[in-house]
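First up is the structure itself, then whatever we jot down about it.
Values reported hereafter were calculated over all heavy atoms of this structure, with side chains retained and with hydrogens, waters and symmetry mates removed. Just so we're on the same page: letters track the sequence lines, and every chain starts at 1.
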Amino acid sequence: MNAPIIEGLFSVDAAEPALLGSRCSACGTYYFPKQSNYCRNPDCDSERFDEVPLSRSGTLWSFTNACYQPPAPYVAEEPFEPYAIAAVKLEREQMIVLGQVVKGVGVDDLAAGMTMRLVLEDVPGVDGERVTWKWQPVEGA
Amino acid sequence: MSNNEIAILGVGMHPWGKWGKNFVEYGVAAARSALQDAGVPWRDVRFVSGGGTVRCGYPGYVAGATFAQALGWQGAEVNTSYAACASGSQALAAARAKILSGACDVALVVGADTTPKGFLKPADGERPDDPDWVRFRLGITNPTYFALYARRRMEVYGDTPADFAAVKVKNAAHGFTNPNARYKKKFSAEDVAASAMVADPLRLMDICATSDGGAAMIVSSLDYARKIGKGDAPRIAAISTVTPTFASELVEMPDIATDSAVAAEARPFRAALPAKAYEEAGIGPEDISLAEVYDLSTALELDWIEDLQLCARGEAAALTRADETSVGGRIPINASGGLACFGEAVPAQALAQVCELTWQLRGQAGERQVAGAKVGITANQGLFGHGSSVIVKA
């Protein structure tokens with residue numbers, strides 16, 4: 001398996017990939033990316049966190065696509081192919097997380113409320129292949 | 001709460017465009033124009049408050065002192081405010097605080113910028129600790145966020161791309177005769193529909209461009225305004241620059257996730273900005289004659305109309321379809337032409353909104369004049385939890 005696109009954001013585990021968040025041990029607030037120094041809840045003074053894998057599926061809150069190639073530090077495939085982007089709401093964490101949608105799934109295949117699950121997919125890096133998380137619609141959900 | 005009010009003695013702009021000059025030229029042109037409009041000698045200005053220039057989302061040059069030097073050092077205090085798209089309002093808030101505290105009578109507030117070509121992007125290098133860098137690495141640019149909000153409107157309220165295009169058509173008609181606007185061309189719904197898709201459902205003509213430009217104003221205590229015979233000048237009744245409150249409900253630039261709402265209720269940020277301004281001014285949305293809002297995208301203008309409580313949630317598209325947000329309608333939105341006609345020059349834009357309200361309340365807006373305008377409100381939002389809303393009264 002290739003190295004992650006950004007270290008520490010997700011587990012590189014083909015069978016059970018997960019975004020790596022943290023959870024405040026006092027008030028239960030989740031964070032993604034991880035928070036390790038102080039809780040951002042203004043009513044919580046805690047500085048203790050547990051690293052937790054976030055829920056691996058959620059519901060599609062909204063979606064779009066990128067028709068133009070983003071600038072660096074994005075590394076695009078050549079030739080550039082538009083890709084869909086999903087905003088997925090995680091029930092347990094009560095948060096929305098963005099991510100690209102797997103190749104081959106476009107905006108016409110998506111609708112708010114669909115169940116989406118986290119998968120890994122290879123993407124180009126500055127010096128060779130990397131792997132990143134992507135959202136994939138769950139068939140029949 | 002009239003003890004919070006200050007007077008707007010003069011306003012000025014450098015036209016928006018891609019002029020290829022240094023930002024100082026735009027700011028100084030706007031400042032000199034505002035001084036002339038106010039009829040105030042430069043030496044009487046005791047505080048120069050600059051909106052910081054912005055380089056791809058980050059603070060750029062030291063603006064306040066640069067403008068003060070270019071206008072001729074005369075011993076005034078200076079300040080530079082960085083608050084992304086709300087930089088101008090934050091600079092205005094700094095000037096108001098100086099005036100209301102009695103530390104000075106007259107202040108110059110000025111914002112100007114040049115923008116690089118192409119996408120706004122993060123600073124160079126490998127910087128995974130910077131959320132702005134992270135989201136670009138993942139392929140999530142600014143239009144992504146506007147498009148997610150636009151698509152959400154379609155899913156929840158049944159808005160259509162034609163509703164979004166109607167905003168562009170309206171704003172283009174408003175800005176058509178505005179001498180400071182960059183784009184002076186009327187567009188049709190067909191023009192918008194024929195432009196390239198950028199981030200579905202938003203097309204090129206649904207999204208504002210980046211521009212160069214400058215805006216400035218001379219503000220003073222009410223006593224000073226009366227002393228120079230300008231006691232009836234428009235007044236700033238409120239300036240809101242509040243941050244979001246935890247847990248912020250929407251995924252906002254530059255983050256890739258929202259706050260978790262496990263321990264605290266999810267709250268909307270955009271609506272909080274005008275709510276604070278209304279409270280401070282002691283007025284309500286029913287008192288508003290016109291609004292200048294940040295139409296970074298056409299669909300976002302519809303969100304703002306609702307966040308400003310100018311109609312019920314979900315009804316902004318219907319309001320626009322009924323022509324009620326056009327000049328001549330019940331509540332004109334972006335009579336200036338908005339960012340659709342200006343493009344965005346970040347630290348100048350929040351001030352340009354206040355300049356437009358000033359011209360409107362003085363009855364000097366020419367063909368885009370809103371008849372009988374008495375109270376105007378602005379709204380904008382930018383990176384890193386910044387945003388603002390300003391209320392100006394005749």
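Between chain A and the options B:Ala196, B:Pro143, B:Ser260, the largest number of non-hydrogen pairs under 4.5 Å is found for B:Ser260. Interface remark: of the candidates A:Tyr31, A:Phe32, A:Phe63, A:Phe63 forms the most heavy-atom pairs closer than 4.5 Å to chain B. Each of B:Pro128, B:Gly139, B:Ala263, B:Ala147 has some count of heavy-atom pairs under 4.5 Å with chain A, and the biggest count is that of B:Gly139.
Using a 4.5 Å cut-off between heavy atoms, A:Ala84 makes no contact with chain B at all. Heavy atoms closer than 4.5 Å to chain B are found in both the backbone and the side chain of A:Trp61. For B:Val198, the parts sitting under 4.5 Å from any heavy atom of chain A are the backbone and the side chain alike. Both the backbone and the side chain of A:Val97 have a heavy atom closer than 4.5 Å to some heavy atom of chain B. There is no contact between A:Arg23 and chain B, counting heavy-atom distances below 4.5 Å. Using a 4.5 Å cut-off between heavy atoms, A:Ile5 touches chain B through backbone and side chain atoms alike. Heavy-atom distances place no part of A:Glu7 under 4.5 Å from chain B, backbone and side chain included. Within the 4.5 angstrom heavy-atom criterion, atoms from both the backbone and the side chain of B:Val134 approach chain A. Of the atoms belonging to B:Thr141, it is side-chain heavy atoms, and not backbone ones, that fall under 4.5 Å from chain A. Looking at B:Tyr145, only its side chain comes within 4.5 Å of chain A, counting heavy atoms on both sides. In this structure, no portion of B:Leu202 lies under 4.5 Å from any heavy atom of chain A. Neither the backbone nor the side chain of B:Asp124 comes within contact range of chain A, judged by heavy atoms closer than 4.5 Å.
We find the OG1-CG distance between A:Thr29 and B:Asp259 to be 8.5 Å, quoted to the nearest 0.5 Å. Distance check: A:Tyr68 OH to B:Leu204 CG gives 5.0 Å after rounding to the nearest 0.5 Å. A:Thr64 OG1 to B:Met197 CE: the interatomic distance, rounded to the nearest 0.5 Å, is 8.5 Å. Rounding to the nearest 0.5 Å places CD of B:Glu155 at 7.5 Å from CG of A:Leu60.
Side chains of A:Ser62 and B:Tyr149 form no contact here, defined as non-hydrogen atoms less than 4.5 Å apart. Here the side chains of B:Ile256 and A:Pro33 are in contact, with some heavy-atom distance below 4.5 Å.
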Under the criterion side-chain contact (heavy atoms from CB on, under 4.5 Å), I'd like the reasoning laid out for A:Val75 against B:Arg137: C-alpha separation, chi angles, the key distance, then a yes or no. CA-CA 7 Å; A:Val75 183; B:Arg137 181 75 187 91; 3.8 Å; yes
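Nearest heavy atom pair, residue B:Val262 against residue A:Gln94, reads N-CB, 3.9 Å. Pairing each heavy atom of A:Leu98 with each of B:Asp255, the nearest pair is CD1-O, 4.2 Å.
No donor-acceptor distance shorter than 3.5 angstrom exists from the side chain of B:Asp200 to the backbone of A:Asn65, with no hydrogens or angles considered. Between the side chain of A:Gln100 and the backbone N or O of B:Leu138 there is at least one donor-acceptor pair closer than 3.5 Å.
Within 6.0 Å of atom OH in A:Tyr38, 12 or fewer heavy atoms from other residues, nucleotides or ligands are found, so the atom counts as exposed in its surroundings. More than 12 non-hydrogen atoms from other residues, nucleotides or ligands lie less than 6.0 angstrom from CZ of A:Arg92. In this structure, B:Tyr61 places its OH atom where only 12 or fewer heavy-atom neighbours from other residues, nucleotides or ligands lie under 6.0 Å away. When the shell of 6.0 Å around NZ of B:Lys18 is examined, it contains more than 12 heavy atoms from other residues, nucleotides or ligands. Shown here is A:Asp45, whose CG atom has no more than 12 heavy atoms of other residues, nucleotides or ligands within 6.0 Å.
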